[in-house]
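All values below come from the heavy atoms of this structure, side chains included, with hydrogens, waters and symmetry mates left out. Each residue takes its place number in the sequence, starting with 1. Atoms within a ligand are numbered from 1 in the order they appear, just like the ligands themselves.
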Amino acid sequence: MTPAPAAPAAAGAPGEAAADPLPPLREVIARHGLAARKGLGQHFLLDLNLTARIARTAGDLGAADVLEIGPGPGGLTRALLAAGARRVVAVEKDPRCLPALEEIAAAHPGRLEVVAGDALALDPGPRLAPPVRVVANLPYNIGTELLTRWLSPPSWPPFWESLTLMFQEEVAERIVARPGTRAWGRLAILAQWRTTARIALRLPAAAFTPPPRVASAVVQIAALPAPRWPADATALARVTAAAFGQRRKMLRASLRGLAPDIERRLGALGIDPTARAETLPVAAFCALARELSAP
Ligand code: SAM
């Protein structure tokens with residue numbers, strides 16, 4: 001393991017505030033040889049003002065355990081600790097980042113647990129005590145998969161009370177979309193059925209090192225204590241998959257595979273069978289899920 005530097009560096013890169021006694025991130029990256037790897041979705045945030053803003057977006061962390069996926073060299077991790085997080089559990093797949101993260105852990109005794117591994121394969125649950133807030137600048141290649149899992153727990157409410165997540169802007173727009181727009185679809189319905197979701201911050205590609213090809217946005221998601229409308233999660237997923245699998249078709253055609261008498265059932269629910277999926281609000285999808293899962 002690379003030894004920690006003897007003394008904290010005096011000055012950071014432009015935009016870096018002196019949030020903790022650790023050296024500037026550019027120095028950490030150079031010392032540990034953390035050249036960004038595309039395959040791991042590595043686009044680092046080095047501006048401590050930005051990471052502090054993201055930590056603030058997550059709300060009061062003082063009484064919470066924070067789950068961070070992909071801490072990388074630790075910019076956001078440091079901001080979360082500086083913001084007073086009770087504990088941070090950080091899951092990182094790239095072993096090159098671990099020595100840098102251990103230096104942060106040493107500077108905050110007992111408050112940072114670094115877990116080496118793949119966030120898709122690990123269950124961090126046993127390491128976390130409620131309330132839990134998830135905060136991450138997610139690797140773009142697994143962001144939607146992780147969000148879908150967090151929004152689809154075996155029971156509700158989930159293990160987390162809020163998610164503060166960086167996505168490509170286009171994905172963020174799909175999470176907070178409204179009916180009648182092109183971005184409206186399965187992800188928006190899954191999110192808005194049981195949470196409140198809003199875009200808290202938009203970041204140009206130039207905010208990252210190296211810059212990705214597209215802009216990004218931080219989405220703030222808060223779990224509701226109960227779903228807005230009752231529905232079975234599996235039935236709802238089936239209905240939205242069928243409806244948006246053929247989003248240009250009328251509902252009576254796209255949903256025909258779910259029930260032979262779908263036109264009659266739609267009519268009975270007060271839903272126009274000639275409407276298209278992208279005009280239907282969450283409440284209507286929940287009503288359809290209830291109708292189709294009724295004995
Ligand atoms: N949090 C850092 C920041 O804001 O500068 C790095 C964010 S970077 C967009 C994504 C991070 O996720 C990288 O450190 C990468 O190595 C890590 N990562 C990629 N795939 C992962 C996976 N399956 N499980 C855990 N971490 C992963």
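Taking hydrophobic clusters as Ile, Leu, Val, Met, Phe, Trp and Tyr residues chained together by side-chain heavy-atom distances below 4.5 Å, Leu165 does not share a cluster with Leu61. In this structure, Leu190 is not a member of the same hydrophobic cluster as Val239, with clusters built from ILVMFWY side-chain heavy atoms closer than 4.5 Å.
Tested against Glu278, the residues Arg182, Arg248, Lys249 include a single salt bridge (charged side-chain N to carboxylate O under 4.0 Å, His left out) partner, Arg248.
Listed as neighbours of ligand 1 are Leu40, Gly41, Gln42, His43, Phe44, Leu45, Glu68, Gly70, Pro71, Gly72, Val91, Glu92, Lys93, Asp94, Gly117, Asp118, Ala119, Asn137, Leu138, Pro139, Ile142, each bearing a heavy atom under 4.0 Å from the ligand.
Taking the side chain as every heavy atom from C-beta outward, Leu67 and Val91 approach each other to under 4.5 Å.
In the displayed structure, Arg256 atom CZ is contacted under 6.0 Å by at most 12 heavy atoms of other residues, nucleotides or ligands.
Note on ring orientation: taking the six-membered ring where Trp is involved, the planes of Tyr140 and His43 are tilted (angle from 30° to 60°).
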